[in-house]
Amino acid sequence: MLVVVQNGTLSPEEQAYYVRRVTEKFPRGVVEKVVLDVGEEYVDIRYTLHCFRDLRKMGGYCIGDPADWNPAKQAELRDTVPNWVDP
């Protein structure tokens, strides 16, 4: 994880505190970058979360992100009928 401190300085303990606050808020997400903007009486926290790709499985094979497919494969996905399970 990248930690960037802007407009001032923070000790490593203070940085760890703010990073801990972000990771408590997003326990499952992967935080890629934390930007700590130091003001006179406050610290503004901005962060960037890792974007997970949407992978699809069609015909028993994992074939990647639907945005990368050709038009024929995208049409096949639109025409796919899901198998519903009765409760």
Test side-chain contact (heavy atoms from CB on, under 4.5 Å) applied to Val5 and Val38, step by step: CA-CA 7 Å; Val5 179; Val38 180; 3.9 Å; yes

Full working for side-chain contact (heavy atoms from CB on, under 4.5 Å) between Gln6 and Leu36: CA-CA 6 Å; Gln6 294 179 340; Leu36 303 172; over 6 Å; no

Derivation of the side-chain contact (heavy atoms from CB on, under 4.5 Å) call for Glu13 and Tyr17: CA-CA 6 Å; Glu13 294 82 18; Tyr17 170 76; over 6 Å; no

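- Hydrophobic clustering, with ILVMFWY side chains joined whenever heavy atoms are under 4.5 angstrom apart, groups Ile45 together with Leu49.
- The pair Glu76-Lys73 meets the salt-bridge criterion, with a side-chain N (NZ, NE, NH1 or NH2) lying under 4.0 Å from an Asp/Glu carboxylate O.
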Thr23 vs Met1, side-chain contact (heavy atoms from CB on, under 4.5 Å): CA-CA, chis, key distance, verdict: CA-CA 11 Å; Thr23 55; Met1 171 186 333; 4.1 Å; yes

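- Between Val31 and Lys33 the shortest side-chain heavy-atom distance does not fall below 4.5 Å.
- When the side chains of ILVMFWY residues are joined at heavy-atom separations under 4.5 Å, either directly or via intervening members, Tyr18 and Val4 end up in two distinct hydrophobic clusters.
- In this structure, the side chain of Glu32 does not engage the main chain of Thr48 through any donor-acceptor pair within 3.5 Å.
- Between the side chain of Glu14 and the main chain of Ser11, a donor-acceptor pair closer than 3.5 Å is present.
- The shortest heavy-atom contact between Gln15 and Leu10 is NE2-O, 3.1 Å.
- Partners of Tyr47 by ring-ring contact (aromatic ring centres under 6.0 Å, His included), not counting sequence neighbours, listed by chain and number: Phe26.
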